[in-house]
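Reminder, nothing fancy here: chain letters follow the sequence lines and each chain counts from 1. Since we're looking at a predicted model, the values are computed, not measured.
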Amino acid sequence: MKWVYIEDLKEHVGEEVEIRGWVYNKRSSGRVRFLLVRDGTGIVQATAWSRDKDNPLFKTFDTLTRESSVIVRGKVKEDPRAPGGYELELREIIPIQIAEDYPITPKEHGVGFLMAHRHLWLRSSRQHAIMRIRHEIIKAIRDFFDEEKKFTLVDAPILTPAACEGTTTLFETDYFGEKAYLSQSGQLYMEAAAMALGKVYCFGPTFRAEKSKTRRHLMEFWMVEPEVAYFRLEDDIQLAEELVEFIVGRVLEKRSKELETLERDIARLEKVKRPFPRVSYDEAIEILKKEGFDIKWGDEIGGDEETALALKFEKPLILHRFPAAQKAFYMEPDPERPELSLSFDMLAPEGYGEIIGGSERISDYELLLKRIRENNLPEEAFQWYLDLRKYGSVPHAGFGLGVERTVAWITGVKHVRETIPFPRLLYKIYP
RNA sequence: UCCCCGGUAGCUCAAUCGGCAGAGCGGGUGGCUGUUAACCACUAGGUUGGGGGUUCGAGUCCCUCCCGGGGAGCCA
């Protein structure tokens, strides 16, 4: 008997096949029994008929419970009454393991309950759709840098000796008696790699011990960080725009079924075409003042302000040239206005928040040393980083794109906790 | 860390002014010849998050602790 996956059933109409999966649900009506089986690629309805109540097939059917593992065999039939359009005429049911009291039902559940059962929640069709789109986004990112742009993937270390932006937000661990930290960014290492290989990127998990409890925060999240030698701010922004356009285009092309499952408004995504609107920090402050926000030049643009700005546009919004005082020590100052940094953020539309942060980096040795001292950073730990400015220093720029926020935006999911298989949240590390 | 909301059956929730703790789903039993989160009937299921207080009487009011959700700051 041929083992086939449900997504391929339409190629086997009229054939006897075997499906290996789990019971999604079952229904019966007198002499008919309906078994809904899922196998990870889809759900198929398997039907059985009999006038005899003691039919062995029915007896086996009646022992099955939701999420019991099962192998079913039968003939594939096209039938418009079946969900998905194809069904299996049952010949044989082989129970593998009977599940008792599966906790997740087809009715509603609260977030707390679902999060505590995340290992089982992943079996639901909505979670399948999100995971497949996450997969597609990651594949698109890799294809963009590998195939389209010919970047080299350079893996950054996860255990690091020092902070790149202060130690308060780092997870500390012991490294044979020395303090070590889980990486919160691969950027500094990518700068070294860019000086070696020209255009590079890293892609991996990053860790932030910030005590943030919002729909946009995870303690552990995935980030892609390209870095390019000889790039200026403008080149950097254009690369970010191309990447985001590419990702959205790929998901629309390959995952329309999943977007439909999630009831995502496709029209909003179809508008994501370059060029994206740009607003400088100076302009943003003026706009926000007119909107009635209590804000002045030099203030941080907070979450509510960000959302107000982003909602004015249908495409992702580029905010650029933030005050240097608000930004990280390594950012290159604007030569015409040194109080500004050559930096940018990309805000997703529809209020999904910041998905990209990037900048041109300081290439001058003396200036970088000054900034490290001003920020009270341990100079010894940054010797290798300063070296990059001694041996053939060049202008360079890069950015980081947060995968989970991008997935949340594209799928239309409200909270990033659903965009990663096993989210690490504030005070929550189970399952 | 701070602010707001919540915790009642396995799950999602209700319970009027402080006055007999209930429904739907899920489970069990029976019925139904094409079901679509099937439907119909019956049935089992409770230390109302923990502790303390007020009261003739507390799910309901007060204090406290715990847990969960939402938001702020900061960030991707």
So if I take residues 402-431 of chain A and measure heavy-atom distances to RNA chain B, which residues fall below 4.0 Å?
A:Arg405, A:His415, A:Arg417, A:Tyr427, A:Lys428
Measuring from the side chain of A:Phe113 (C-beta onward, heavy atoms only), which nucleotide among B:U12, B:G34, B:C75 has the closest atom?
B:U12
Between B:C74, B:G34, B:C32, which one does the side chain of A:Gln45 approach most closely?
B:G34
Salt-bridged, A:Glu89 to A:Lys75, with N to O below 4.0 Å?
no
Set of residues satisfying ring pair (Phe, Tyr, Trp, His ring centres under 6.0 Å) with respect to A:His415, sequence neighbours excluded:
none
Roughly how many Å apart are B:G68 and B:U12, using the P atom of each and rounding to a whole number?
15 Å
From NE2 of A:His217 over to P of B:C74, roughly how many Å is that when rounded to an integer?
10 Å
Which part of the nucleic acid, if any, lies within contact of A:Leu218, taking any heavy atom under 4.0 Å across all strands shown: a base, the sugar-phosphate backbone alone, or nothing?
base
Can you tell me how far P in B:G22 sits from the matching atom in B:A44, rounded to whole Å?
13 Å
When we call it a touch if two heavy atoms are under 4.0 Å apart, what does A:Pro103 touch: a base, just sugar-phosphate, or nothing?
nothing
Say whether A:Arg361 and A:Ser359, considering side chains only, have a donor N or O and an acceptor N or O under 3.5 Å apart.
yes
For the side chain of A:Glu210, counting heavy atoms from C-beta on, which of B:C74, B:G69, B:A76 is nearest?
B:C74
Same-atom distance (P) from B:G6 to B:C62, integer angstrom
12 Å
Taking atom C1' in both B:C67 and B:G27, compute the distance separating them and give it to the nearest angstrom.
27 Å
What parts of residues 274-285 of chain A reach RNA chain B, counting only heavy atoms under 4.0 Å away?
none
For A:Asp101, which contact category applies under a 4.0 Å heavy-atom criterion: base, sugar-phosphate, or nothing?
nothing
Counterpart residues, side-chain hydrogen bond (donor to acceptor under 3.5 Å, both in side chains), relative to A:Glu245 (two or more places apart)
A:Arg274
Say whether A:Glu234 and A:Gln238, considering side chains only, have a donor N or O and an acceptor N or O under 3.5 Å apart.
yes
Any salt bridge between A:Glu286 and A:Lys289, counting N to O under 4.0 Å?
yes
RNA chain B nearest-nucleotide lookup for A:Leu401 and A:Pro80: closer to the 5′ end is A:Pro80
Base, sugar-phosphate, or nothing: which does A:Arg216 touch, judged by heavy atoms less than 4.0 Å apart?
base
Please check if any side-chain donor atom of A:Glu191 sits under 3.5 Å from a side-chain acceptor atom of A:Tyr330, or the reverse.
no
Have a look at A:Gly353 and say if it touches a base, only the backbone sugar-phosphate, or nothing, with a 4.0 Å heavy-atom cut-off.
nothing
Not counting sequence neighbours, which residues clear ring pair (Phe, Tyr, Trp, His ring centres under 6.0 Å) with A:Trp297? List them please.
A:Tyr281
For a quick check of understanding: with a heavy-atom distance under 4.0 Å over all strands, which category does A:Glu220 fall into, base, sugar-phosphate or nothing?
nothing
Mind checking whether A:Tyr201 and A:Phe144 have ring centres under 6.0 Å apart?
no
What is the distance, to the nearest angstrom, from the CZ atom on A:Phe58 to the C1' atom on B:U35?
12 Å
Review item, side-chain donor-acceptor pairs of residues 308-320 of chain A, under 3.5 Å, at least two apart:
| from | atom 1 | to | atom 2 | distance (Å) |
| --- | --- | --- | --- | --- |
| A:Lys312 | NZ | A:Glu291 | OE2 | 2.7 |
| A:Glu314 | OE2 | A:Lys271 | NZ | 3.3 |
| A:Lys315 | NZ | A:Lys273 | O | 3.0 |
| A:Lys315 | NZ | A:Pro275 | O | 3.2 |

Looking at B:A37, B:G34, B:G69, which one has an atom nearest to any side-chain atom of A:Lys213?
B:G69
On RNA chain B, check which nucleotide each of A:Ser28 and A:Met115 is closest to and give me the residue with the more 5' one.
A:Ser28
Provide, to the nearest angstrom, the distance between the CD atom belonging to A:Glu305 and the C1' atom belonging to B:C75.
15 Å
Grab the NZ-C1' distance between A:Lys26 and B:C39 for me, whole Å please.
16 Å
Would you mind checking if A:Arg371 and A:Glu374 are paired as a salt bridge, meaning a charged N to carboxylate O distance below 4.0 Å?
yes
In whole angstrom, give me the gap between the C1' atoms of B:U60 and B:U16.
11 Å
Would you measure the distance from the P atom in B:A23 across to the matching atom in B:G45 and give it in whole Å?
13 Å
Among B:A72, B:C75, B:U1, which nucleotide sits nearest the side chain of A:Arg208?
B:C75
Pair listing, side-chain hydrogen bond (donor to acceptor under 3.5 Å, both in side chains) test, anchored in residues 114-123 of chain A, at least two apart:
A:Glu67-A:Arg123, A:Arg118-A:Gln127
Rounded C1' spacing from B:G24 to B:C20 in Å:
22 Å
Could you give all pairs that pass the salt bridge (charged side-chain N to carboxylate O under 4.0 Å, His left out) test and reach residues 212-225 of chain A, with sequence neighbours left out?
none
When all nucleic acid strands are considered with a 4.0 Å heavy-atom cut-off, which category describes A:Asn25: base, sugar-phosphate, or nothing?
sugar-phosphate
Tell me which pairs pass salt bridge (charged side-chain N to carboxylate O under 4.0 Å, His left out) where either residue lies in residues 400-417 of chain A, with sequence neighbours left out.
A:Arg134-A:Glu404
Counting only side-chain heavy atoms from C-beta out, which of B:U35, B:G73, B:C32 sits nearest to A:Arg31?
B:C32
A:Tyr86 OH - B:G34 C1' separation (whole Å):
19 Å
Strand partner of B:A72, provided both Watson-Crick or wobble distances fall under 3.5 Å:
B:U1
Give me the distance, rounded to whole Å, that separates B:A21 from B:U35 when you measure between the P atoms they each carry.
43 Å
Measure from the side chain of A:Arg215, starting at C-beta and using heavy atoms only, and say which of B:G34, B:G71, B:A76 lies closest.
B:G71
To the nearest 0.5 Å, tell me how far A:Ile429 CD1 sits from A:Arg424 CZ.
5.0 Å
Now, which nucleotide makes the Watson-Crick or G-U wobble pair with B:G19, with each of the two distances under 3.5 Å?
B:C56
Do A:Phe221 and the base of B:A76 stack face to face, with centres under 5.5 Å apart and an angle between planes under 30°?
yes
Under 3.5 Å between N/O atoms: give me all the protein pairs with nucleotides 5-8 of chain B, atom names plus distance.
none

Under 4.0 angstrom, heavy atoms only, what part of the nucleic acid is A:Trp222 near: base, sugar-phosphate, or nothing?
nothing
Any strand is fair game: report the nucleotide pairing with B:A44 by Watson-Crick or G-U wobble, both distances under 3.5 Å, or none.
none
Listing time: all N or O pairs from protein to nucleotides 41-48 of chain B that are below 3.5 Å?
none

Where at least one partner belongs to residues 28-37 of chain A, residue pairs that pass salt bridge (charged side-chain N to carboxylate O under 4.0 Å, His left out), sequence neighbours excluded:
A:Arg33-A:Asp62
Mark yes or no for a side-chain to base donor-acceptor pair under 3.5 Å between A:His109 and B:C11, with no hydrogen or angle criteria applied.
no
Can you tell whether the side chains of A:Lys199 and A:Asp235 come within less than 4.0 Å, N to carboxylate O?
no
